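Only a predicted model underlies this, so the values are computations on that prediction, with no experimental measurement involved. A note on names: the letters A, B, ... follow the listed sequences, proteins ahead of strands, and every chain is numbered from 1.
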2 protein chains.
Amino acid sequence: MFKIDEVARETGLTKRTIRYYEEIGLMPAPQRSEGGTRQYTQAHIEHLQRVISARDVLGFSLQEIQEYMDYAQALTGQRELYPQIREPERQLEKLREMDGTLEAQLRALDEKVSKILAMKQELEQFRDRVTAGIARIEKEQDQSEAKITEGKNS
Amino acid sequence: MFKIDEVARETGLTKRTIRYYEEIGLMPAPQRSEGGTRQYTQAHIEHLQRVISARDVLGFSLQEIQEYMDYAQALTGQRELYPQIREPERQLEKLREMDGTLEAQLRALDEKVSKILAMKQELEQFRDRVTAGIARIEKEQDQSEAKITEGKNS
DNA sequence: AATAACGTTGACGTCAACGTTAGATTTATC
DNA sequence: GATAAATCTAACGTTGACGTCAACGTTATT
């Protein structure tokens, strides 16, 4: 059982943000103590970490994250998908729709990765130029120091 | 020479956004016509596309993109890095600072990629569950259809 | 040369995602 | 059991990234 300050430290979010995420339904409301203090569990922390991941990595808006989490919930939680729907016709429709969006998401992720890798290459080239510049200046400094030393020794 | 509407169509940004990016210095101000109409070149479009990429893929704020672009400018444009600085001591300092931030950026990118891959795996599992569900329902439908056919044939 | 279509500059509006502050309560510490 | 430290709610403030609108000038078209 954690209180909000520990959760904040653990996740890197502020307390305000944590309460805000609960407020907009992005997070299950935790138990409360007698006096009303929120009591979080490990599951809450993990939930938040997934939210953060989706926010930072995918760049989703909080609303989109909301939908995504509901989605994930439906997919991991239950044994049957959409058991509430009786007609197999409608079930199939729903599932095919999900399949389509999942495929689209996967393709989007692939594109993201390749773009990131391209940018990474660019940054590596920059870094190489910078380290080369550093090496050159250091060498020049060494040489002028050597000259000074030589002068002293003569 | 493009006018703003073509640039908007080409990049997918709105005209307002394009002017805004110029306003906050995220984009070099283009030439103007006699009457003050902005005249963009291909280079402007490419610049914008890189901005969009950084915004969407990396999730940078416009300020961060700004810094990154300045950075890239300094590194690709000139032959010498910081030639305006005379003292090699200060130059070294600057270069080492750049090297540090570049390394940090590279690590951040690596982390992003690995997070994306993790999320991708999760999505793939979801997809597999969904396709399995689809297959199951289709099979059940086939069987009931077969029974009906059988009934007809008897 | 008239008119439509497009461009420009303010200026204010908006929306998401929190930050901040105040004042009351609760929990922890001595 | 007093005092300090942390939490709570409620409400208003802020910031980034644009949208929207008015009033006006510029290009294009017929």
Close N or O pairs between protein and nucleotides 9-12 of chain C (under 3.5 Å):
unit_1, atom_1, unit_2, atom_2, d
C:dT9, OP1, B:R32, NH1, 3.2
C:dT9, OP1, B:R32, NH2, 2.9
C:dT9, OP2, B:R38, NH2, 2.1

Could you list, one pair per line, each protein nitrogen or oxygen that sits under 3.5 Å from a nitrogen or oxygen of nucleotides 21-25 of chain C, together with the distance?
none

Q) Atom CD of B:E34 to atom P of D:dT27: distance rounded to whole Å? A) 8 Å
Polar-atom pairs under 3.5 Å, protein N or O versus N or O of nucleotides 2-6 of chain D: list them with distances, or write none.
none

Q: If a pair satisfies salt bridge (Lys or Arg N to Asp or Glu O under 4.0 Å) and one of its residues is in residues 115-127 of chain A, list it, with sequence neighbours excluded.
A: A:K120-B:D110, A:E122-B:R50, A:R127-B:E103
Q: Give every residue pair that meets the side chain to side chain donor-acceptor pair (under 3.5 Å) criterion with at least one member in residues 7-16 of chain A, sequence neighbours excluded.
A: A:T14-A:T17
Q: Sequence neighbours left out, what passes salt bridge (charged side-chain N to carboxylate O under 4.0 Å, His left out) with A:E140? Give chain and number order.
A: A:R136
Q: Could you state the atom-to-atom distance from CD of B:E23 to P of C:dT8 in whole Å?
A: 13 Å
Q: Enumerate the residues from residues 41-65 of chain A whose closest heavy atom to DNA chain C is under 4.0 Å, giving them by residue number; use none for an empty result.
A: A:R55, A:S61, A:L62
Q.
According to ring pair (Phe, Tyr, Trp, His ring centres under 6.0 Å), who are the partners of A:Y40, at least two apart in sequence or on a separate chain?
A. A:H44
**Q.** Contacts of B:E89 that satisfy side chain to side chain contact (heavy atoms under 4.5 Å, CB included) - sequence neighbours left out
**A.** A:Q141
(Q) Under the rule for side chain to side chain contact (heavy atoms under 4.5 Å, CB included), what residues qualify as partners of A:Q42, not counting sequence neighbours? (A) A:F2, A:I45, A:E46
Q) What integer distance in Å separates A:E6:CD from D:dT7:P? A) 8 Å
Q | Rounded (10°) bend between the five-pair end axes of the helix from C:dA1-D:dT30 to C:dC30-D:dG1 | A | 20°
Q | Test side chain to side chain contact (heavy atoms under 4.5 Å, CB included) applied to A:S144 - qualifying residues, sequence neighbours left out | A | none
